[in-house]
Every structure is written in C-alpha cells, then in structure tokens.
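Residue numbers begin at 1 in each chain, while the letters A, B, ... track the order of the sequences.
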There are 4 protein chains.
Amino acid sequence: MVKHAHASEDKEKRRNAILGAALSLFLKDTRRLPSAAAIAAKAGLAKGTVYLYFTSKEQIFAALLSREWDAFLATLRRSFAEEPGHPSRAVDRFVDNFVDFLASRTYFLRLDSLGYGLLEANLSPAEFRDFKRSFATSLNRTSAEVDKALALEAGDGLRLLLRSYALARGLFQTLDFPAHILNDSQPEDHPLTGFDFETELRAALVEYWRGALASPPRSPRRRK
Amino acid sequence: MVKHAHASEDKEKRRNAILGAALSLFLKDTRRLPSAAAIAAKAGLAKGTVYLYFTSKEQIFAALLSREWDAFLATLRRSFAEEPGHPSRAVDRFVDNFVDFLASRTYFLRLDSLGYGLLEANLSPAEFRDFKRSFATSLNRTSAEVDKALALEAGDGLRLLLRSYALARGLFQTLDFPAHILNDSQPEDHPLTGFDFETELRAALVEYWRGALASPPRSPRRRK
Amino acid sequence: MVKHAHASEDKEKRRNAILGAALSLFLKDTRRLPSAAAIAAKAGLAKGTVYLYFTSKEQIFAALLSREWDAFLATLRRSFAEEPGHPSRAVDRFVDNFVDFLASRTYFLRLDSLGYGLLEANLSPAEFRDFKRSFATSLNRTSAEVDKALALEAGDGLRLLLRSYALARGLFQTLDFPAHILNDSQPEDHPLTGFDFETELRAALVEYWRGALASPPRSPRRRK
Amino acid sequence: MVKHAHASEDKEKRRNAILGAALSLFLKDTRRLPSAAAIAAKAGLAKGTVYLYFTSKEQIFAALLSREWDAFLATLRRSFAEEPGHPSRAVDRFVDNFVDFLASRTYFLRLDSLGYGLLEANLSPAEFRDFKRSFATSLNRTSAEVDKALALEAGDGLRLLLRSYALARGLFQTLDFPAHILNDSQPEDHPLTGFDFETELRAALVEYWRGALASPPRSPRRRK
DNA sequence: CATGAATGAGGTTTCATTCAT
DNA sequence: TATGAATGAAACCTCATTCAT
C-alpha cells in the first residue's frame, strides 16, 4: 500500500530517502550520476514521485552536495569552537577534522568534482547561481568564525578555507584512481599510485598553513 | 574533391586539424565537450574520418590535454633551467610562469576539470590508464629537474608540483564563473565573484611554497 | 478552510467554476487544452476535486462544447422565431446571427476543431457517442424549427444547418492564424492572411443558401 | 545487411518509405499519430534514421499532408484542363473529381483534421508557417487555373476552392464516425449516422456551386 | 466531500560510433 | 583512405488519473 506523505515531516523524510537512494547508487558506480529512474526504483518510488521533490535530476545531486557541504563546514567549525584562546591547537584540530572528514567520505570529493561540469551543464543558469550562492553563504559564515578564532583580519579566514579546500579538491582529482581503473594493472604502471590521498592532503595542508600563518595570507595585489 | 592523406606528414597535419577544431569549438562553449559531428565539420572532414585518427571522441580531448600539459611542464622547466645556483629566484620564476601560463589559457584548467569525470567515464580503463601514465611520466621528468635545481631530496619536487597544481585546479573550480552564468545577475549575488583567480592563485602559491620550503615537504607519515 | 458543496445548488456552481476556469485558461493559449492541474488551480480547487465533478479532463471540454453549442443553436433558433411568415427575412437573420455568434466567440470554433481528434482519442467510445448524440439531438430540435419556419420538407433544415456549419468549421480551420504564428512574419508570407474569416463566412453562407434554396436541398441519392 | 542510401534517388525512396510506413500505421488507428518508434520499425529502420530524413515526428505528417494535397490539387486541376470552353462540364467534373478523391482517401481528411491542432501545437511557429505557406502556394496556382477555365475574375477561383474544401472538411468532421466508435451501438443511437459523407458532400457542393455561379462569388465586403 | 501526494506509462530526440560505399 | 548514412541505446520528464488521508 502506498504511503502518502502529507505531513511536512514525512515529506522531509521522503526527500531524504531520495537523496539516500541517489547517494547509494552513486557509491556503486562513481563514474556517472545514476539515472532518475534508478534513483526512484532504489527509493521504492515511482519515477514521477521523484519529480515532486526535485525539479530535475541534477537538483538531486545539488541538494546532496549542499547537505554534505553543510556537514563538512559544521565539522570544520567545531575545530575552532573548542578551546578558545589556543589558536595553534585549533589549527591542528582543523587539519585533523578536515582530513578525516574527507578521507572518510571520499564520495564527497568525487561528487563535488563530477558536479563541476555536470551541474553547470544541466542546471539552468539561475539554478546554478542559487546553488553556488548557497555554498558561498555557508562558507562565509564559517570563515567568519575562523577569522575570530584565529584573530585574523576579516576575509583572511575565507582565503584559508578556500585554499585548503582547493588543495583537497585538486589533490583528490590527481590522485584518485577508482577501483575499476586499477583492476588488472600493475602497480608500477601508476607512478602516482604510491601517493595516498589522505597522507598527501595532510602534509599539504600542514605546509600550506605553515606558510600562510607565517605572514598575513592576504592576496598580494587584490583586485579592488 | 576528397583529399587522401597518405604521407605520414599529411596525417600528422590532419590530426592537428582535428585537435584544433576540437579546441576552437570548446572555446566557444566551455560547458561541454563539442560533439564529434561538430568537430568533423569544423575540421572540414567527414565524421567517419575523425575516427581514423582517434578511436573515440574522448581520445581527442585526452590528446589535447596531453599537448597542453607538455607545454605547461615545458614552461615550468624553463623556470629552473635559467640561472642555476639561484634557487630562490627559480621559485619566483616558477610561480610567475605557473600563474601566467594558466591565467593566459584558462580553457586548459577548464578542460582539465571537465576531463576529470568525462574521460574516466568514457575512456576504457586501459585507455584511461595510458592517459594518466603519460601525464605522470612527464611530471616525473619535470620534478626530477626540480629536485636538482632546488637541491631537494628525490621526490620532493614531485610533491611540490603536485600540490601546486592541486591548488590551481581547486581554486579554479571554485572561482570559475563562466560568462553565461554571470549574465543578468547582480555582483552581490556572488560572494566569491570578488576573487580573481590569477591573484588568488599567485598568493596561494607564495604561501604554499613558503611553508613547504620552511622545512622538508615530505609527507609526515608516508605509506610504505 | 475547505468548502464542502453539499447542496446540489452549490455543486452546480462548482461545476461551472471548473468550466469557467477551463475556458479562461484555454483562451490564454488556444494551442492545446489546459492541463487538469491548471484548471484545478485556476478554479481554486484541488486536483482530485475536479474529478469529483468530471470523469476526465476531456469531459470538461465536452461539457464546455455542449454549453456553447446550446447557446449557438438557441441563437439560431431565434432567427426563425421572429416574424413568422417572412422566410427570406428569416434567412437573412439566420446568416447574421450565425456569423455574429461565431465571429464574436472564435474560441468556440477553435475548441470544436481541437476537440475533433482530442475528444475522440481520449473519451471512451461510449462517452464519445453520448457526446455526439447530445449534439445531434439539439441539432435535430433546431432543424425541425427550420423546417417549419421555411416550410421545407422534413430533414431539409438539418441539411442546411449541417452544411452551414461545415462551411464555418472548414473556413475557420483554413483561415485561422493564431497570434503566436503570425509573430515575426511578413504579411506577404501568408497568401491566405488577407482573407478575413467573418467576411468569408458571410459570403460563403449567402452563396450556399442561395444555391440551396434555388431548389430542394435534398441529397440527390440519399442512402435508404 | 544494411543498405546505405547514398544516391539522392535512393534517399528519396527511403524518405517515401518512411512516409508510407507512417501512413500505413495511421490507417490502422486513425485516432492518433503513430509514434516515431513505430514508424521506424514499420519502415525497417532504426529510430535515429528517421531523424535523418525528418526533423521531427510532426514533420513526417506535414510532409504526408503536403504530398496528399498536391495529389488532390492535381486531380482538381485535371477537371479544368480537359475540354476547354465548356465551363459547366468542367464544374461537373470538378465536383466528381473532388468527391471521388476525398471519398476514396478518407484518411486524407482525417489526417488533415487531426493535423489541425497537432501540427500547430508541435511544430515550431516557423515550421508551421512554412507548412501553411506551401499549401497556400499550391492552392493559388490551382485557383489561377480555375479563374482561367471558368473565366472568373482573379481571386474568385480561390474563393470557390476554399469554400468547397471548407464544406468537405467541415462535413467530414461532423459525419465521421470511425469504426471503433460505432462498435456495439445501435444505429438509432446516431441521428447523424444516416448521413453518408460522400452523398452529402456531393449534394452540398452542387448547391454551393449553383449559388456561387448564380452571381459573382466575391466577398460582399472584402477587406482592403 | 475535499485534498494533494503518488503513480507510471509513454514517447522524443541525441549522438558516439560503425560500416557500406 | 574518405565518406556520410545508419545505428540504437540511453534518459528525461509530463500529466491524467487514482487513492490514502
């Protein structure tokens, strides 16, 4: 028997079920976004139902990404919330949390990387702008806390965050070798395979933050 | 009248024509890879002919990317070739060359970013491995020169390069707002629009290298 | 708050609200029948409620058409009711009323023309037969009055009416160029645009009736 | 083994095969236009191949209609070509040819009637204009011959043709009861079933032309 | 009676690639 | 070698209608 989600609480639950189905399918094959039909089937819903909750397939993944982003930023914020007054400890915790989160959810960077391109190509400009804006808004909120916790000039936290994430995203894309690529291949075939994403990211962040905190991380010649 | 390319010289020319057509089409709309039909038309060839020179559409873009990568790495190598014995000057030149190259060919990062995902999804695993390997080989060659020029331990140059490029790729993807997205929107809509890729990249690289050279850039707990 | 229509008077009112909503929506875009969802929304009702009053979307338009048909036939009947004993005056009035009605409600012919096909495709055979029958019944009633007023043999009035309406419907379909088709086009592009439906219809009716009344309008070889 | 139609003669043949498949499918169920997939299958072609010859499903039917229109008009022209100098004989032949053609190809009027609405709804405005224009052009050519043959004032032939066709189209739509509608029903259920399209059309045309030729068929108050 | 969430069939079109010519 | 016609899988989304609430 079909359940109708009339209460907004039930609707939220159903929305999440769709998101969950989409994610679980993506996990099985991270090469491409699963089809809308597959997501519906996995969620135990009819195809049309999915479109009651999302206006397009890409919006599902945009929502997924937003959800993950929020979790990520919340994790980062926690690094600075504890032990106020010990900036250097905060930075250490930040690096730990940053790396741990991403290393434990590799699909996040994978999805984000795929999203670049796919979302832009298939969302309307307005939808894409909304997506980016909501990301930027969350980021700004978090970076304001960074500014405060580390007693930085306004805006410096944002740059630190941006660059840290750039490092993560970039390293991931270079070092990521999905299972299906690795099959039947000799290790010596991949000069870069020896590099472990988590290890590299941690090291890179440590280096970057060392350099950044050595002097104000301002952009040397920032545009007006 | 149909032209037959018998001499291998002509074949090379035709191959380049296809590459050129692909790039010029991509430049016109960087949202997606141009279609095989469009590339053929632009190159003045029949659709089938394109497949005599490339085994798939994605191979065209893989070749394009390799070509650009070689040019990029050659540029970087030049930074270290001049004035042997002045490491710090070399680093400055490196940053300049690095940033200038990418800023003057934004389509390169765009293509590289799109390629992640698209190439992997549509190239066979073996083809994809080859693509990655050729990239890694070039990179290794260049990083060996970095090691020598900066008197680093073997492998450190590779890490510096990898992380520098990660920074570039990651920043680009976060800060890139193609023209069609910006249209009809207020500047204040984009909290990140104020950030200029070139400026940010230069600043980030300076910070990173400062931190990296402050102490050996080794991975702290490198996997065996 | 939800309004319940218990009294049958209220029900009639609600039914009419749906009809009105359907018509007003159709007027806005005569290319297609409005969707059930749109009709419900316009009528201020839930989608399901519409189906309490009509068994299908097409039934709404069948009802609308019947309503209009009745109005049309009533108008025609008036032509013959006045001034009994002056058949030729009656014919003139008939043509006037006929043309004026249709010219002032072009959506009627539009709807009727669209209905052909759409109703047949989507109504059940039984429903479609009912629809046609009710139309035929009204028509017969009217044509009996025509027979009497013009002192025709039984059945001749029906033929006159049928053919007059055929002329109207056929001319409309040939001469109708909706606004959205005309946009951005040069007048000389449409060799038929110079023809005005109202003018042509009047002239055609005059000709037809002249010929028809010149001798009995019987079908020469009527089927048994 | 797959045949490739390289010669333009073969291409024309293939185009006609698609048209033929579309028509034969339509004949089987005249309630709706057959799907593009069904047409392709019937023509023994892949779905994509159909789109090499027509830009959309509706264009197939537009082409079909144009083809039939041309045949129809050619038939009508023949009525006036023979026996120059005997206008009244020409009119008789015209009525005969007109009725015979339509009665022997009832799908034509059916398709034309369905087309009204379907083509307009699904063709782009520009495509629809082209379709209408080509129809008008053919019509004008034919009516010029009518003018000459019947020694009419320029433009009168066009009106005669237009009105004759209006009569046919309108009568058809009113009298047409497809097989699936008639099943399981009593004859007395359909007060209009007694009317035979062919008979009625002939009678109506005779009446109309009698009236029209009794005096110039000009529109009484033609718009400038 | 009223609601609106859920259904799911249905059909068009694109485009990378193949293969007959 | 070159051509371009043919292939056919792939996937989205709409919307009339039903039915749980």
Side-chain angles (χ1 to χ4, degrees), chain A residues 1-7 10-11 14 32-38 40-41 44-58 122, chain B residues 1-6 10-11 14 33-41 45-58 60 122, chain C residues 1-6 10-11 14 33-41 45-60 122, chain D residues 1-7 10-11 14 32-41 44-58 122:
Chain A
M1 196 183 32
V2 178
K3 287 254 173 60
H4 282 221
H6 276 270
D10 293 337
K11 283 161 85 165
R14 192 145 281 192
R32 61 194 87 247
L33 300 185
S35 77
L45 296 170
K47 247 178 306 181
T49 308
V50 168
Y51 286 87
L52 294 178
Y53 291 86
F54 297 93
T55 56
S56 75
K57 193 184 83 157
E58 274 70 25
N122 297 311
Chain B
M1 207 207 4
V2 175
K3 287 254 176 61
H4 284 230
H6 284 279
D10 290 341
K11 286 168 81 168
R14 207 157 257 205
L33 300 185
S35 76
I39 295 172
L45 297 170
K47 245 180 310 184
T49 307
V50 169
Y51 283 85
L52 296 174
Y53 292 85
F54 294 92
T55 58
S56 76
K57 191 183 84 160
E58 274 71 24
I60 298 174
N122 297 311
Chain C
M1 204 198 17
V2 175
K3 288 254 176 61
H4 284 228
H6 285 278
D10 291 342
K11 287 168 79 168
R14 208 157 257 205
L33 299 185
S35 76
I39 295 171
L45 296 170
K47 245 179 310 182
T49 307
V50 169
Y51 284 84
L52 297 174
Y53 292 86
F54 295 92
T55 57
S56 75
K57 191 183 85 159
E58 274 71 24
Q59 286 285 31
I60 297 175
N122 297 310
Chain D
M1 195 183 28
V2 178
K3 286 256 173 60
H4 282 223
H6 277 271
D10 294 336
K11 283 163 84 164
R14 192 146 280 193
R32 62 194 87 249
L33 300 184
S35 74
I39 295 171
L45 297 170
K47 250 179 305 185
T49 307
V50 170
Y51 285 86
L52 293 177
Y53 291 86
F54 296 93
T55 56
S56 76
K57 193 184 82 157
E58 274 70 25
N122 298 311

Open item on the list: Which is more 5' along DNA chain F, the nucleotide nearest A:Tyr51 or the one nearest C:Ala37? Just name the residue.
Closed with: A:Tyr51
TODO: Please state how far atom CD1 in D:Ile39 lies from atom P in E:dG11, giving the value in whole angstrom units.
DONE: 11 Å
Task: Watson-Crick or G-U wobble partner of F:dT21, both distances under 3.5 Å - done: E:dA2
- [ ] Could you pick out which residue, C:Pro34 or A:Lys57, lies toward the 5' side of DNA chain F when each is mapped onto its nearest nucleotide?
- [x] A:Lys57
Task: Nearest-angstrom distance from the residue atom CG of D:Leu33 to P of E:dG11 - done: 11 Å
Open item on the list: If we ignore hydrogens and angles and just use 3.5 Å, is the side chain of B:Lys57 paired with the main-chain N or O of B:Pro34 as donor and acceptor?
Closed with: yes
Open item on the list: Just verifying a value: how many Å separate A:Arg14 CZ and A:Leu52 CG, rounded to the nearest 0.5 Å?
Closed with: 10.0 Å
Task: For the student: nearest non-hydrogen atoms of A:Lys47 and A:Ala40, plus distance - done: CA-CB, 3.8 Å
- [ ] Identify, between B:Ser35 and D:Thr55, the residue whose nearest nucleotide on DNA chain E lies closer to the 5' end.
- [x] D:Thr55
TODO: Scan every strand shown for a Watson-Crick or G-U wobble partner of E:dT12, both distances under 3.5 Å, and answer none if you come up empty.
DONE: F:dA11
Task: Whole-Å gap separating C1' (F:dA20) and CG (A:Asp10) - done: 12 Å
Open item on the list: Across nucleotides 4-9 of chain E, 5' to 3', mark each nucleotide with B, S or - according to how protein heavy atoms within less than 4.0 Å reach it.
Closed with: BBBBB-
Open item on the list: If I pick the P atom on E:dC1 and the same atom on F:dT21, what distance separates them, to the nearest angstrom?
Closed with: 23 Å
- [ ] Specify the separation, in whole Å, of atom CZ of C:Phe54 and atom P of F:dT18.
- [x] 16 Å
Task: B:Leu33 side chain near B:Ile60 side chain, heavy-atom distance below 4.5 Å - done: no
Open item on the list: If you compare all heavy atoms of C:Ser56 against all heavy atoms of C:Tyr51, which two are closest, and at what distance to 0.1 Å?
Closed with: CA-CE2, 3.9 Å
Task: From A:His4 atom NE2 to A:Thr49 atom OG1, the distance as rounded to the nearest 0.5 Å - done: 9.0 Å
